[in-house]
Amino acid sequence: MTGQQIRDIVTDCVFEGDMKFREPMSRHTSLKIGGPSDIFAIPENVASLGRLRDYLQKNDIAVFPLGGGTNILVKDGGIDGAVICFRSFRTIESLGQDDEYAYLSVGTGTVLQRLVMYSMEQGYAGLEGLAGIPGTVGGAICGNAGSFGYEIKDVLVSVDLMGAEGQIQKVCAEDIRFGYRKSDILPTDMLIRAEIKLGRDKRADVSARFENFLRVKREKQPIWESSAGCVFKNPEGLSAGKLIDEAGCKGMRIGDVVVSTIHANFFINTGKACAVDFIRLMHEVAGRVRNAFGITLEPEIKIVGRENGNR
Ligand code: EPU
């Protein structure tokens, strides 16, 4: 199906929210890289999301749920079918607390740092190690985001997700398999809401830990530049950044993509970078690390989309 055919089909769908066609994904990724998605839909509410999903499924149009776009590289040909944005699902509600814990219900489109700040203001502990991680709560759960030994899975109680049949089901955290920067949540599952459980602590203590983590991050990582965070996973017991640095790759450039001189596992878009150059630089860097240390680096970022010229 061509983008125009998809557009013609979807125009008939009754939809509450915003819908764009041929929307450049470079506008929705922290790397500012990525060709157009056939459809970019921002449903206003769960009912509207459900209707859209049914409609897309009936018409055999692919669905791509998008988090914050902060851990993905979208190829230059863009994304097939419909990208779904959860921007309207931004809520943080208290579900009550006991002496030890506070329970929150969080919309998955909530910006992760908004939740981290909220927790800090309330004196709720458990998320302070995620200081400075960009993206949304939904994306963080799918990829089990973490740093400084903290992982989002450790505070998760359950998620409400819309599965392939469009039904909403509550899935307990124990029934999701989480690993290092991964989970077995399917790429087509749409997370709508999450329930989390945080420890209760002194506001000043939570705040001090948060500030400390953020300071370290600002010193060691170029978090103010256009990147997708760490490009490669850390091999067991080693740091990919250190290996890339020691293989002499800092400052390497292909087109507008540069290996950061601050942290070598961050690749920066310094201008109008394209995905092809980013991927070439990944191959080049991984090759140098393999030659120097005999270690094969695995991508940490998700590479998605179609090659340029496919559509
Ligand atoms: N190092 C270098 N050169 C570099 C980068 C790092 O020598 O260019 C050295 C550091 O000096 C340090 C060691 O490598 O001795 C480890 O570096 P760092 O403390 O920065 O941690 P990391 O292993 O590179 C991991 C995560 C980060 C997370 C930090 C802090 C991965 C791939 N990286 O980085 O996560 O923020 O720990 O917890 O798991 C991400 O997932 O996108 C990410 C950035």
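In listed order, ligands and their atoms are each counted from 1.
- Minimum interatomic distance between Cys230 and Ile301 (heavy atoms only, all atoms of both residues): O-CG2, 3.6 Å.
- With a heavy-atom cut-off of 4.0 Å, Arg181 touches ligand 1 through its side chain alone.
- At a 4.0 Å heavy-atom cut-off, ligand 1 touches Asn234 through backbone and side chain alike.
- Ligand 1 has an N or O atom lying under 3.5 Å from an N or O atom of Phe148, backbone or side chain.
- Here the two rings, on Phe213 and Tyr150, have centers that are under 6.0 Å apart.
- With hydrogens and angles left out, the side-chain atoms of Glu151 and Tyr180 include no donor and acceptor closer than 3.5 Å.
- Distances between N or O atoms of Ser147 and those of ligand 1 include no value under 3.5 Å.
- Summarising the local packing, CG of Asp175 is surrounded by more than 12 heavy atoms from other residues, nucleotides or ligands at distances under 6.0 Å.
- The shortest N or O to N or O distance between Lys233 and ligand 1 is not below 3.5 Å.
- With a 6.0 Å radius and a threshold of 12 heavy atoms from other residues, nucleotides or ligands, Arg253 has its CZ atom above the threshold.
- Heavy-atom contacts of Gly229 reach the following atoms of ligand 1: 42 (O) (cutoff under 4.0 Å).
- One side chain, Asn212 or Arg215, offers a donor N or O that lies under 3.5 Å from an acceptor on the other.
- Heavy-atom proximity to Tyr180, at under 4.0 Å, picks out these atoms of ligand 1: 31 (C), 32 (C), 39 (O).
- Atoms of ligand 1 found under 4.0 Å from any heavy atom of Phe232 (numbered from 1 in listed order, with element): 32 (C).
- Comparing Ser239, Gly241, Ser260 against atom 16 (C) of ligand 1, the shortest heavy-atom distance belongs to Ser239.
- Contacts of Phe266 with ligand 1, taken as heavy-atom pairs under 4.0 Å, involve the side chain alone.
- Residue-level proximity to ligand 1 for Lys242 is carried by backbone and side chain together, each with a heavy atom below 4.0 angstrom.
- A donor-acceptor pair shorter than 3.5 Å can be found between the side chains of Ser105 and Arg193.
- In the vicinity of Lys217, heavy-atom distances shorter than 4.0 Å reach the ligand 1 atoms 36 (O).
- No hydrogens or angles considered: nothing links the side chains of Lys250 and Ser260 as a donor-acceptor pair under 3.5 Å.
- Distances from ligand 1 to the non-hydrogen atoms of Lys250 include at least one value under 4.0 Å.
- When only non-hydrogen protein atoms are considered, atom 12 (C) of ligand 1 lies nearest to Lys220 NZ, 4.7 Å.
- When each atom of ligand 1 is checked for a heavy atom of Glu300 under 4.0 Å away, the hits are 40 (C), 41 (O), 42 (O).
- Smallest separation of non-hydrogen atoms from Gly77 and Arg306: O-NE, 2.7 Å.
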